[in-house]
Amino acid sequence: MKRYHKEDYPLEQIRQHLEPGPIVLVSSAWNDEINIMTMGWHMMMEFTPALFGCVISNANHSFELIRMSGECVINVPTLDMADVVVGIGNCTGGEIDKFEKFGLTKTPADIVSAPLIAECYASFECRLYDGSQIPKYNLFIWDVVKAHVAPTPKHPKTIHYKGEGEFRVAGETLNLRKKFRPEIL
Ligand SMILES: Cc1cc2nc3c(=O)[nH]c(=O)nc-3n(C[C@H](O)[C@H](O)[C@H](O)COP(=O)(O)O)c2cc1C
């Protein structure tokens, strides 16, 4: 294995190396209003219940819809949707209908009010599990109550945001299953 020479790095740019992925589209609904926002700051937190955490700025129009309803759908787009992903993150649902503007299709969810996005290969229905960190960090902790995933493609080309307008493209996989202790798989 190679050893690296490392140099001091600006703290405000560490996201370029630590930012999780994939980028997702968060759909929300409250009081007859439906919206979508782009989101990159998220993490898995527990297997059962399936807990998922994410940071949603209170400056976003989605924040109120999501906080009031206590629900959302996390939709995972693929590389072919990259322009739409950026477009959705560049405008606010307070002024426009983003489903209409970006030609996306709403599909009713099974449990929550927010719709699934048909053009995304995976959609996860979420109910608020722990709102205690919202006031301090805008951190929502969700219980994923229903998962919808397309069986193909097996390895979708997801996009992972690095900051500065740059994305990493996933799709290549490495299977080291045989080297894992079974209990940590
Ligand atoms: C690539 C990308 C990643 C983003 N990640 C986040 C995020 O993790 N959290 C967040 O609050 N906003 C994030 N945003 C910004 C929101 O998507 C953006 O403010 C959007 O306009 C909010 O829409 P709304 O006002 O209709 O809710 C991101 C935007 C882009 C383009």
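Note that the structure is a prediction, hence the values are computed from the model and not measured. Each ligand, and each atom within it, is numbered from 1 in the order the structure gives. What you see below is based on every heavy atom in this structure, not just the backbone, and it leaves out hydrogens, waters and symmetry mates.
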> Are any side-chain N or O atoms of K98 and backbone N or O atoms of C91, one a donor and one an acceptor, separated by less than 3.5 Å?
yes

> Working to the nearest 0.5 Å, report the span between CE of M81 and CD of E119.
6.0 Å

> Looking only at heavy atoms, is any part of W41 under 4.0 Å from ligand 1, and if so is it the side chain, the backbone, or both, or is it neither?
both

> Under a 4.0 angstrom heavy-atom cut-off, which atoms of ligand 1 come close to N35?
24 (P), 26 (O), 27 (O)

> Measure centre to centre between the rings of F52 and H42, then say whether the value is under 6.0 Å.
yes

> For atom 27 (O) of ligand 1, which protein heavy atom lies nearest, and how many Å away is it?
S62 OG, 2.5 Å

> Using a 3.5 Å cut-off on N or O atoms only, is G89 in polar contact with ligand 1?
yes

> Between the side chains of E71 and S28, does any donor sit under 3.5 Å from an acceptor?
no

> Using a strict cut-off of 4.0 Å, indicate which atoms of ligand 1 neighbour a heavy atom of I56.
11 (O)

> Starting from atom 2 (C) of ligand 1, find the nearest protein heavy-atom neighbour and note its residue, name and distance.
T38 CG2, 3.6 Å

> Output the list of atoms in ligand 1 that are nearer than 4.0 Å to some heavy atom of S57, sorted by atom number.
10 (C), 11 (O)

> Can you find an N or O of Y161 that's nearer than 3.5 Å to an N or O of ligand 1?
no

> How far is atom 5 (N) of ligand 1 from its nearest protein heavy atom, and which residue and atom name does that atom have?
G40 N, 3.1 Å

> Test of understanding: given a 4.0 Å heavy-atom threshold, classify the contact between N138 and ligand 1 as side chain, backbone, both, or neither.
neither

> Give a yes or no on whether a salt bridge exists between D110 and K146, defined as a side-chain N under 4.0 angstrom from a carboxylate O.
yes

> Distance under 4.0 Å to a non-hydrogen atom of G93: what atoms of ligand 1 satisfy this?
24 (P), 26 (O)

> Please work out which of the three classes, parallel, tilted or perpendicular, describes the rings of F63 and F140, given edges at 30° and 60°.
perpendicular

> What atoms in ligand 1 come closer than 4.0 Å to a heavy atom of H61?
24 (P), 25 (O), 26 (O), 27 (O)

> Does any N/O atom on V55 come nearer than 3.5 Å to any N/O atom on ligand 1?
yes

> Any side-chain donor-acceptor pair under 3.5 Å between H61 and E95?
no

> For T92 and N60, which I'm curious about, is there any donor-acceptor pair between the side chains at under 3.5 Å?
no

> Of the protein's non-hydrogen atoms, which lies at the shortest distance from atom 23 (O) of ligand 1, and what is that distance?
K98 NZ, 3.0 Å

> Inspect the surroundings of OH in Y129 and state if more than 12 heavy atoms from other residues, nucleotides or ligands are less than 6.0 Å away.
no

> Does H42 reach ligand 1, in the sense of a heavy atom lying below 4.0 Å from it?
no

> In the protein, which heavy atom is nearest to atom 19 (O) of ligand 1, and how far is it?
N60 OD1, 2.8 Å

> Tell me: protein heavy atom nearest atom 3 (C) of ligand 1, and distance?
I23 CD1, 3.6 Å

> At under 4.0 Å between heavy atoms, is it the side chain or the backbone of C91 that contacts ligand 1, or both, or neither?
backbone

> Would you check if there is a donor-acceptor pair between the side chains of S57 and N138 at a distance under 3.5 Å?
no

> Decide if atom NZ of K162 counts as having more than 12 heavy atoms of other residues, nucleotides or ligands within a radius under 6.0 Å.
yes

